[in-house]
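Below: one structure, written as structure tokens.
Count residues from 1 along the sequence.
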Amino acid sequence: MATDDERYMDMALREARAAASEGEVPVGCVVVHEGIVIGRGHNLRETLRDPTAHAEIVALRQAAAARGQWRLDGSVVYCTVEPCCMCAGALVNARVARLVYGIADPKSGACESVLDVVREPRLNHRLAVTAGVRAAEALALLREFFESRR
């Protein structure tokens, strides 16, 4: 599984690089179902002037369209940065099976850092979580992006 996790996280990192090249905060995401990428996305908040255009939301919308339904049971989401509360809630609502992310977000992460929405026992669905996959690369992208803006 680690090999697959790294391979799919590499795709998410490519999405994050695309975000940076468009002047967006470099966060990328892919959704995989039964070994097939069914959704991919990167931050588009500035481009679309949309506060909900986070990488995860963009990828989940594409995945739901590909499956022809909002339920993404059995899917795995790969994200370069720990999802925020909006995105974590969307993962729960979509019934995603597993989340794999690169780096924790100590300011707004909602999968363990600030909140733990995806494993909240009072909700009707919980996800398995794997953290730290390709973390050094995800962190380097964010550092480079923000340093270039100072």
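- With hydrogens and angles ignored, the 3.5 Å screen pairs no side-chain donor or acceptor of Glu46 with any backbone N or O of Gly23.
- The local environment of CZ in Arg149 is crowded, with over 12 non-hydrogen atoms from other residues, nucleotides or ligands closer than 6.0 Å.
- At least one side-chain heavy atom of Ile103 sits under 4.5 Å from a side-chain heavy atom of Leu142.
- Heavy-atom minimum distance, Pro26 versus Thr80: O-OG1, 4.1 Å.
- Panel note: side chain Glu56, backbone Leu91; no donor-acceptor pair is recorded below 3.5 Å.
- In this structure, CG on Leu72 lies 6.0 Å from CZ on Arg67, to the nearest 0.5 angstrom.
- A donor-acceptor pair under 3.5 Å is absent between the side-chain atoms of Arg119 and the main chain of Val117, judged by distance alone.
- Note that the CD atom of Glu82 and the OG atom of Ser108 stand 8.0 Å from one another [nearest 0.5 Å].
- Between Leu60 and Val96, the closest side-chain pair of non-hydrogen atoms falls below 4.5 Å.
- Here salt bridge (charged side-chain N to carboxylate O under 4.0 Å, His left out) pairs that include residues 129-139, with residues two or more places apart or in two chains, are Asp10-Arg134, Arg134-Glu137.
- Heavy-atom minimum distance, Ala104 versus Ser113: CB-OG, 3.5 Å.
- In plain terms, the two heavy atoms of Pro83 and Ala88 that are nearest each other are CB-N, 4.0 Å.
- Put simply, Val77 and Leu115 are part of the same group of oily side chains (I, L, V, M, F, W, Y) that touch within less than 4.5 Å, one to the next.
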Less than 3.5 Å apart, which donor and acceptor atoms pair up between the side chains of residues 29-43 and the rest of the protein, not counting sequence neighbours?
| unit_1 | atom_1 | unit_2 | atom_2 | d |
| --- | --- | --- | --- | --- |
| His33 | ND1 | Asp73 | O | 3.4 |
| His33 | ND1 | Ser75 | OG | 3.2 |
| His42 | ND1 | Glu15 | OE1 | 2.8 |
| His42 | NE2 | Glu22 | OE1 | 3.2 |
| His42 | NE2 | Glu22 | OE2 | 3.3 |
| Asn43 | OD1 | Ala55 | N | 2.9 |
| Asn43 | ND2 | Val25 | O | 3.2 |

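- In terms of heavy-atom proximity, Arg61 sits nearest to Thr52 at NH2-OG1, 3.7 Å.
- For the pair Val133/Glu6, a side-chain contact is recorded, criterion being any heavy-atom separation below 4.5 Å from C-beta on.
- Connectivity analysis of hydrophobic side chains (ILVMFWY, heavy atoms under 4.5 Å, direct or indirect) links Met86 to Ile57.
- More than 12 heavy-atom neighbours from other residues, nucleotides or ligands sit within 6.0 angstrom of CZ on Arg126.
- Side-chain contact between Val92 and Leu127: present, with at least one pair of heavy atoms (C-beta onward) separated by less than 4.5 Å.
- Side-chain contact between Arg98 and Asp5: present, with at least one pair of heavy atoms (C-beta onward) separated by less than 4.5 Å.
- Across every non-hydrogen atom of Val114 and Pro106, the tightest pair is CG2-O, 3.5 Å.
- Between Trp70 and Arg95 there is a side-chain heavy-atom pair separated by less than 4.5 Å.
- Between the side chain of Thr130 and the backbone N or O of Val100, no donor-acceptor pair lies under 3.5 Å.
- Met11 and Met9 fall within a single hydrophobic cluster, where Ile, Leu, Val, Met, Phe, Trp and Tyr are joined by side-chain heavy atoms under 4.5 Å apart, directly or via other members.
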Apply the test side chain to side chain contact (heavy atoms under 4.5 Å, CB included) to residues Val118 and Val129: give CA-CA distance (whole Å), side-chain angles for both, the deciding distance (0.1 Å), then the verdict.
CA-CA 8 Å; Val118 297; Val129 177; 3.6 Å; yes
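- Looking at heavy atoms from C-beta onward, His54 lies out of side-chain contact with Val27 at the 4.5 angstrom threshold.
- By the criterion of side-chain heavy atoms lying less than 4.5 angstrom apart, applied directly or through intervening Ile, Leu, Val, Met, Phe, Trp or Tyr residues, Leu123 is grouped together with Leu99 in one hydrophobic cluster.
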